Amino acid sequence: MTPDAAASLDFYASVLDWTFESPVEAEIAALSIAKAGSSPVASIQQGVDGLNFDAVWNPYFAVDDLAETVARAKANRAVILAEPFTVPGAEESIGTFAFVMDPSGAGFCLWQAPEGAAPVARAEPGYITWTVLYAEDTANFAFYADTLGWIVGEPSPVDDYRLARLGDGSRVAAIRRLPEGSLPGWRTYFCVANLNAAVDATVAYGGTVLEAPTRIEDGRPFAVVADPLGATFGIVQAE
């Protein structure tokens with residue numbers, strides 16, 4: 001979500017090498033689908049009239065039954081900011097979506113995709129490769145377990161980093177305790193072909209480097225940056 005879609009498109013085309021298309025009908029204002037190559041990987045949308053949104057990246061989580069998942073979210077004290085709606089595409093529907101705010105105030109989207117059409121996180125340039133929830137307390141961890149069926153692990157012995165997994169054991173996200181003075185929210189990480197070049201492009205096109213490139217043990221180099229409108233995201237070196 002962004003208050004200035006045109007500025008966001010220019011920035012991300014330069015930093016993440018995305019192309020964009022807007023195949024949807026006019027009533028879904030200023031929604032552009034970002035593509036890495038020919039694959040859809042994200043969307044950028046102008047803020048909704050009447051609601052004040054800061055620029056922010058919200059992750060999308062695929063579900064099998066959107067209506068059922070929204071009902072569970074409501075039962076677990078979430079706020080539904082946008083009830084399920086279908087996004088038409090150039091040839092077929094892109095999917096059905098809902099915009100949710102968890103009980104702590106962290107926003108995310110639910111997506112029921114057409115059969116066979118859901119993109120996945122992967123370690124390739126332009127794709128989302130990881131996402132981390134910064135949450136206030138363990139009660140918020142339980143919300144995702146009850147609503148999305150995640151299995152949230154114990155904190156790592158080094159810090160409070162917890163892995164969330166699907167029932168088949170595959171990793172879907174991480175959850176960390178919220179740093180003091182910060183607001184709850186998700187941080188999305190995108191994969192890039194050249195981390196240093198992406199950091200340089202971030203600065204050249206008006207963004208800010210919040211955490212300089214670094215490497216965690218047994219991990220790939222990454223940096224944390226913000227776009228010119230203030231949306232924070234991570235960039236990770238491709239394998």
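Computed from heavy atoms alone, side chains included, the values below leave out hydrogens, waters and symmetry copies. Fair warning: this is a prediction, and the values are worked out from it, not measured in the lab.
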Establish whether Ile33 and Phe85 are linked, either directly or via other cluster members, by ILVMFWY side-chain heavy-atom contacts under 4.5 Å. yes
Once ring-ring contact (aromatic ring centres under 6.0 Å, His included) is applied, do any residues pair with Trp150, and if so which ones, sequence neighbours excluded? Phe61, Tyr144
Can you measure from CZ (Arg176) to CZ (Arg162) and round to the nearest 0.5 angstrom? 12.0 Å
Can you name the ring-ring contact (aromatic ring centres under 6.0 Å, His included) partners of Tyr12, sequence neighbours left out? Trp18, Trp57, Phe233
Kindly give the heavy-atom pair with the smallest separation between Ala123 and Thr129, and that separation in Å. CA-OG1, 3.9 Å
Within the 4.5 Å heavy-atom criterion, are Tyr189 and Val224 side-chain neighbours or not? yes
Identify, with sequence neighbours excluded, every residue that meets side-chain hydrogen bond (donor to acceptor under 3.5 Å, both in side chains) alongside Glu83. Lys74
Is any side-chain heavy atom of Pro228 closer than 4.5 Å to a side-chain heavy atom of Phe11? yes
Could you report the tightest heavy-atom contact between Thr232 and Arg187, atom names first, then the distance? CG2-NE, 3.9 Å
From Phe141 CZ over to Ser104 OG, what is the distance, rounded to the nearest 0.5 angstrom? 10.0 Å
Sequence-distant partners of Leu66, side-chain contact (heavy atoms from CB on, under 4.5 Å), two or more places apart: Val63, Val70, Pro84, Thr96, Ala98, Leu110, Gln112
Evaluation steps, side-chain contact (heavy atoms from CB on, under 4.5 Å), between Leu133 and Asp102: CA-CA 11 Å; Leu133 171 66; Asp102 75 19; 4.3 Å; yes
Atom pair OH/CD1 of Tyr161 and Ile175 - distance to nearest 0.5 Å: 10.5 Å
Check: Gln237 side chain, Leu195 main-chain N or O, donor-acceptor pair, under 3.5 Å: yes
Selection residues 34-44 - residue pairs positive for salt bridge (charged side-chain N to carboxylate O under 4.0 Å, His left out), sequence neighbours left out: Glu21-Lys35
Spell out, yes or no, whether Leu183 and Met101 are grouped together once hydrophobic residues are joined by side-chain heavy atoms under 4.5 Å, including indirect joins. no
Pick one: which of Val132, Val56, Thr131 meets side-chain contact (heavy atoms from CB on, under 4.5 Å) with Thr188? Thr131
Name the atoms and distances for all side-chain donor-acceptor pairs under 3.5 Å in residues 199-208, with sequence neighbours left out.
| from | atom 1 | to | atom 2 | distance (Å) |
| --- | --- | --- | --- | --- |
| Thr202 | OG1 | Ala198 | O | 2.9 |

Determine, using the 4.5 Å side-chain heavy-atom cutoff (strictly less than), whether Val236 and Leu163 are members of one ILVMFWY cluster. yes
With Asp10, which residues qualify under side-chain contact (heavy atoms from CB on, under 4.5 Å), at least two apart? none
Can you tell me how far the SG atom of Cys109 sits from the CD atom of Gln45, to the nearest 0.5 Å? 9.0 Å
Heavy-atom distance under 4.5 Å between the side chains of Phe143 and Arg77, does that happen here? no
Nearest 0.5 angstrom please: Arg171 CZ to Leu166 CG, how far? 12.0 Å
Using the salt bridge (Lys or Arg N to Asp or Glu O under 4.0 Å) criterion, which residues pair with Arg72? Sequence neighbours excluded. Glu68
Pairwise side-chain contact, Pro125 with Val192, heavy-atom cut-off 4.5 Å (strictly under): no
Can you name the residues that form a side-chain hydrogen bond (donor to acceptor under 3.5 Å, both in side chains) with Thr214, not counting sequence neighbours? none
Could you pull out all residues at least two apart from Asp65 that satisfy side-chain hydrogen bond (donor to acceptor under 3.5 Å, both in side chains)? none
Provide the closest heavy-atom pair for Gly107 versus Trp186 in the form atom of the first, atom of the second, distance. O-CD1, 3.3 Å
Go through the structure and list residues passing side-chain hydrogen bond (donor to acceptor under 3.5 Å, both in side chains) with Asp146, not counting sequence neighbours. none
Give me the atom names and distance for the closest heavy-atom approach of Ile235 to Val225. CD1-CG1, 4.2 Å
ring-ring contact (aromatic ring centres under 6.0 Å, His included) filter on Tyr60, not counting sequence neighbours, yields Phe97
Note: Val172 and Trp130 closest approach over all heavy atoms is C-CZ3, 4.0 Å
Looking only at heavy atoms, which two atoms of Ser8 and Leu229 are closest? And how far apart? OG-CD1, 3.5 Å
How long is the gap from CG on Leu16 to CZ on Phe190, to the nearest 0.5 Å? 6.5 Å
